[in-house]
Amino acid sequence: MRGWSELAERVGGTTRTSEKTALLARYLAQLTSDELRPAAVFLCGRPFPESDQRAIGLGWAAISAAVTQVAGTTAGALGEAYDRSSDLGRAVADVLAYRPEEPDPSHSPGIVEVAQAYAAIEAASGAAAKGAVFGALLQRCDCLTAKYVVKILTGELRIGLREGLLEAAIAEAFERSAAKVQLAGMLTGDVGETAVLAKEGRLDEARLRLLHPIKFMLASPAEDAAEIISRLGPMVWVEDKYDGIRAQLHRRGGEARLYSRDLHDISDQFPEIVEAAGNLPWDGILDGEILAFVDGHVLPFLTLQARLGRKEPTAQVQAEVPVVYVAFDLLAVGPRSDDGSATAVEVLLQIPLVERRRRLEALDLTTAGEGGRFALSHLMTADSVEALDRVFGEARARRNEGLMVKDPQSGYSPGRRGLGWLKMKRALATLDCVVVGAEAGHGKRHGVLSDYTFAVRDETSGRFVTIGKAYTGLTDAEIATMTRWFEAHTVRQLGRFRLVEPTVVVEVAFDVIQRSTRHQSGFALRFPRIVRLRLDKTADEVDTLQTVERLHGELQTGAEYLVTAEARKTGR
Ligand code: AMP
């Protein structure tokens, strides 16, 4: 693991893509298959593959206790070190440097041992047991290794490495075609598996597996109709941007499962959809959005929120907030295999959207399944800037967040934010921010942490910089859950205010962005309000200071004021 950590340090130290790729390729080429699998997964900044349902579940308090004990320091040392760098891995390394004797780097645990330790931490039950396994691991790590062990564990690697670059390095390391590595990555959804297949010359064996989620295709933001038409035009496909929960529906034999955007199995939360899907006469994978839907009307996200995170909802909850699955893409399809073998499933990722849509419509989803649980996205086309602007206006009049503009010739690229899909949102709609501080509220909100301080990411320094503070617009139940989470992930308590681990993402709406010295970002939001928790997003995905600067610049033109005023008129 020391070698891996040295590599990570070097990759993080250069901004040149070609140099990163070369460093990675040289490193990966000399690993055994057993080492290569976790090494590649770790390079994506996660202890387990993304499609793995496991989460390590080790909070700040347990990490802090273990570090304090291993380093023999006082309890506040880690918090102080964290204040200096806002980087937990670095803070742990700084505190461990106080040990009278640092373990010899040549004796630091191997990559496979670290992978086993992560699995053991996940499997241990309770903070004390998890902390003990973690402490035993730290004990053997030199400072640099410990820094990266912690960065992976907390999902905050931040060495400027995208998965695409890692795939390019895998191709270079084993002299394989980059396109083949990329395809294998799409199908397996596991970069560790892909790396091993590349090493062993078995990329052709990569298979898409039903009931194993693959990454979701993402959309790039775009606000300007002229820009969209010039990029994707002259003819684009347009769908409403539904305000629900993105979900991948897998069908195999009599079994169906739903996966969220962060690849978690959410079948338990929507049993009525899963049950209806069990009867569909084919095997395959749909991409779509779960919406609250009554009498032909989509209900606002706020209504759907009542069902979020609720496992096995009662019949009453199901009746109060009925849901529908709106499919907008078909990723794989084949005849139903009642023995569950699903051998004849055809993968559609690389064929154009126009063909995938044709195959999706041929499934007759709206008539299939019981209880009208399925619908298709409403497809429109636009072939000019004026047409796109008009459709956008109509979508907004329907109180819609905006539009998804899709290139009919585009393939489905899992995990990529490409130009195949563009999201055209209300200009100046919302910012995704990470919560860095929490405070108890007043009155009814006394005793719960209901005031959040949130931040955006500064791309130049990689740090989070605060931009505002707001009372949450969350439900009491959500506030209660988040209070427990923030209490367990408090980095430092400063009177009423708690500095918390920067993990929870919230979507913040506001009226205007102003320059201000009140917050670290140099900006403040006027009338900020937390619209919702974005538990499906990681802190890496929050908006950047550079986006804030751009929005502020655009604001000066006055154009956004019109849109904001219109948004008010339509009640959003
Ligand atoms: P955002 O969450 O703001 O990054 O916007 C992208 C999200 O829009 C996707 O992850 C989907 O959940 C959602 N979405 C809503 N309607 C559609 C649609 N018709 N096609 C694709 N994505 C959609």
Side-chain angles (χ1 to χ4, degrees), residues 213-223 228 232 236-249 258-264 266 270 285-293 298-301 304-305 308 323-331 353-354 356-357 360-361 365 374-382 388 391-392 394-396 398-408 410-433 505-509 531-544 547 551 572:
I214 61 170
K215 285 181 204 152
F216 287 68
M217 177 153 174
L218 305 171
S220 304
E223 275 155 27
I228 294 176
L232 304 187
V236 293
W237 277 17
V238 186
E239 295 169 11
D240 274 4
K241 186 174 186 303
Y242 303 108
D243 203 7
I245 299 164
R246 180 90 177 266
Q248 204 174 90
L249 179 70
L258 280 170
Y259 301 96
S260 60
R261 197 169 165 279
D262 51 1
L263 310 189
H264 287 118
I266 52 166
F270 303 100
I285 306 177
L286 294 175
D287 189 6
E289 191 94 355
I290 296 171
L291 298 174
F293 191 77
V298 176
L299 303 182
F301 183 79
L304 187 61
Q305 214 167 9
L308 270 184
V323 288
V324 65
Y325 184 87
V326 182
F328 46 70
D329 221 316
L330 179 66
L331 313 188
L353 172 61
V354 58
R356 298 200 305 276
R357 177 79 189 195
L360 173 63
E361 288 178 4
L365 264 182
F374 298 100
L376 285 185
S377 59
H378 179 67
L379 187 63
M380 298 162 282
T381 56
L388 186 55
V391 180
F392 183 65
E394 287 165 6
R396 295 279 294 279
R398 288 195 288 278
R399 296 184 168 225
N400 210 308
E401 198 185 5
L403 295 177
M404 295 293 297
V405 185
K406 299 181 180 179
D407 176 355
S410 60
Y412 188 97
S413 5
R416 305 272 142 99
R417 208 179 277 287
L419 294 181
W421 290 7
L422 297 177
K423 53 184 178 194
M424 194 176 172
K425 282 216 244 183
R426 281 173 297 155
L428 252 207
T430 56
L431 284 173
D432 287 334
C433 302
V505 179
V506 288
E507 189 175 334
V508 183
V531 188
R532 67 168 93 153
L533 282 170
R534 289 298 307 250
L535 296 181
D536 56 331
K537 290 206 171 180
T538 65
D540 275 343
E541 296 180 272
V542 299
D543 279 304
T544 60
T547 300
L551 287 174
R572 298 260 337 200

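Read the numbers this way: they start at 1 and go in the same order the structure lists the ligands and their atoms. What's counted below: heavy atoms across the whole structure, side chains too, no hydrogens, waters or symmetry copies. We count residues from 1, following the sequence as given.
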- Item | Nearest-0.5 Å distance that lies between atom CZ in Phe392 and atom CE in Met424 | 5.0 Å

- Query: Roughly how far apart are Asp536 CG and His264 NE2, rounded to 0.5 Å?
  - Reply: 11.0 Å

- Query: Any luck finding a side-chain donor-acceptor pair between Asp262 and Ser260 under 3.5 Å?
  - Reply: yes

- Task: Return yes if a side-chain donor-acceptor contact under 3.5 Å exists between Arg356 and Ser410, otherwise no.
- Result: no

- If you compare Met404, His378, Glu507 by their heavy atoms, the one closest to atom 17 (C) of ligand 1 turns out to be Met404

- Message: Against Val323, only a single residue in Leu291, Leu304, Leu299 fulfils side chain to side chain contact (heavy atoms under 4.5 Å, CB included); can you say which?
- Response: Leu304

Looking only at N/O atoms, are [X] and ligand 1 under 3.5 Å apart anywhere?
X: Lys241; value: yes
X: Trp421; value: no
X: Asp240; value: yes

- Query: Can a non-hydrogen atom of Met217 be found less than 4.0 Å from any atom of ligand 1?
  - Reply: no

- Query: Under the 3.5 angstrom rule, does the side chain of Ser220 hit a backbone N or O of Gly418 as a donor-acceptor pair?
  - Reply: yes

Relative to ligand 1, is [X] under 4.0 angstrom through side chain, backbone, both or neither, heavy atoms considered?
X: Phe328; result: side chain
X: Glu239; result: side chain
X: Glu541; result: neither

Out of all atoms in ligand 1, which are within 4.0 Å of some heavy atom of [X]? Include the element for each.
X: Lys537; value: 4 (O)
X: Arg534; value: 2 (O)
X: Lys406; value: 18 (C), 20 (N), 21 (C)

- Could you pull out all residues at least two apart from Phe270 that satisfy ring pair (Phe, Tyr, Trp, His ring centres under 6.0 Å)? none

- Message: Looking at Trp237, I'd like to know if the NZ or CZ of Lys406 sits under 6.0 Å from its six-membered ring centre while staying within 45 degrees of the ring's axis.
- Response: no

